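Everything numeric in this text was worked out from a predicted model, so none of it was measured.
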Amino acid sequence: MRTETTQVPAEAASITRPRRTSELVVERIQELIRSGEWAVGARIPAEPDLVAQLGVGRNTVREAVRALEHSGFLEPRRGDGTYVRSRNLMAAAIGRCVENSEILELLQVRRALEREAARSAASTRNDDDVRELDRLLTEMREAFGAEDLDRYINADIAFHTAIITASGNGLLGELYAGVAEVMARTHATVIAADAQSHPHPTGHAEVVAAIRDRDPVAAEAAVACYLDRSIEVLS
């Protein structure tokens, strides 16, 4: 029987327990996703290309891909290949839990996470954090003015993620990653509903100002304002 080989993480050499080749392939694919070489939303290489790239047989590739589909890292699309769905295990698990929830439930979860993140960000932020929030705020305004919905959604999700990053809480960031992935699929509905009563995005400049001024109370209030508005519109 032919012995398959694959390009495995360096630390794998120190593991004494025999491991299946498919397990090592799973780890290698996870590395490609975490590093950003395979971005969330991108289609992964076709099976023959994976066989060549990883140096293993078709059955091993199929077993590894199925395992990653089951865990939520990858998403098969009939007739269109397999796509990267999540960049880490926690995001994948949270994404699976959230995806079947109502949009209102997602907004309520966001409200809890983002209020805490804004409070923390106002206390821990650095100048780079503020510059990034200002940049994304400008991007949102330009996209909104150009009526470019896709660009606006991407900038808006990046903006909220930047607030989480500015909080300095790594675990909160991992939790929010799963929420953000589902946001990308539902955000257009939230924005469309909100725009009916508020033609211009509000609250975002206020939260940036509060974080810049190191005012945790105002930062939390600004987040609650724009998310409470969305919850009310969709209720």
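Taking the side chain as every heavy atom from C-beta outward, Y226 and E206 never approach each other to under 4.5 Å.
For the atom pair CZ of F159 and OH of Y152, the computed distance is 9.0 Å after rounding to the nearest 0.5 Å. Considering OH of Y176 and OG1 of T165, their distance stands at 10.0 Å, rounded to 0.5 Å.
Each of D127, D134, N126, L133 was checked for a side-chain contact (heavy atoms from CB on, under 4.5 Å) with V130, and the lone residue meeting it is D134.
The closest donor-acceptor contact from the side chain of E132 to the backbone of D129 lies at 3.5 Å or more, if one exists at all. Under the 3.5 Å distance criterion, the side-chain polar atoms of T124 are matched with a main-chain donor or acceptor of A166.
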Could you give the side-chain donor-acceptor pairs of residues 142-149 under 3.5 Å, partners two or more places apart or in another chain?
from : atom 1 : to   : atom 2 : distance (Å)
E142 : OE1    : R151 : NH2    : 2.9
D148 : OD1    : R151 : N      : 3.1

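Hydrophobic clustering places L113 together with L104 (ILVMFWY residues linked when any side-chain heavy atoms are closer than 4.5 Å, directly or through intermediates).
For E31 and R28, the salt-bridge test passes: some basic side-chain N is under 4.0 Å from an acidic carboxylate O. A salt bridge does not link E116 to R119: none of the charged side-chain nitrogens sits closer than 4.0 Å to a carboxylate oxygen. A salt bridge links D128 to R131: at least one charged side-chain nitrogen sits closer than 4.0 Å to a carboxylate oxygen. Electrostatic pairing of E139 and R141 does not count as a salt bridge here, judged by no charged N lying under 4.0 Å from a carboxylate O.
A search for side chain to side chain contact (heavy atoms under 4.5 Å, CB included) contacts involving R78 returns nothing, not counting sequence neighbours.
Judged as a salt bridge (charged side-chain N to carboxylate O under 4.0 Å, His left out), the pairs with a partner in residues 44-53 (not counting sequence neighbours) are, in order, E47-R58, E47-R62.
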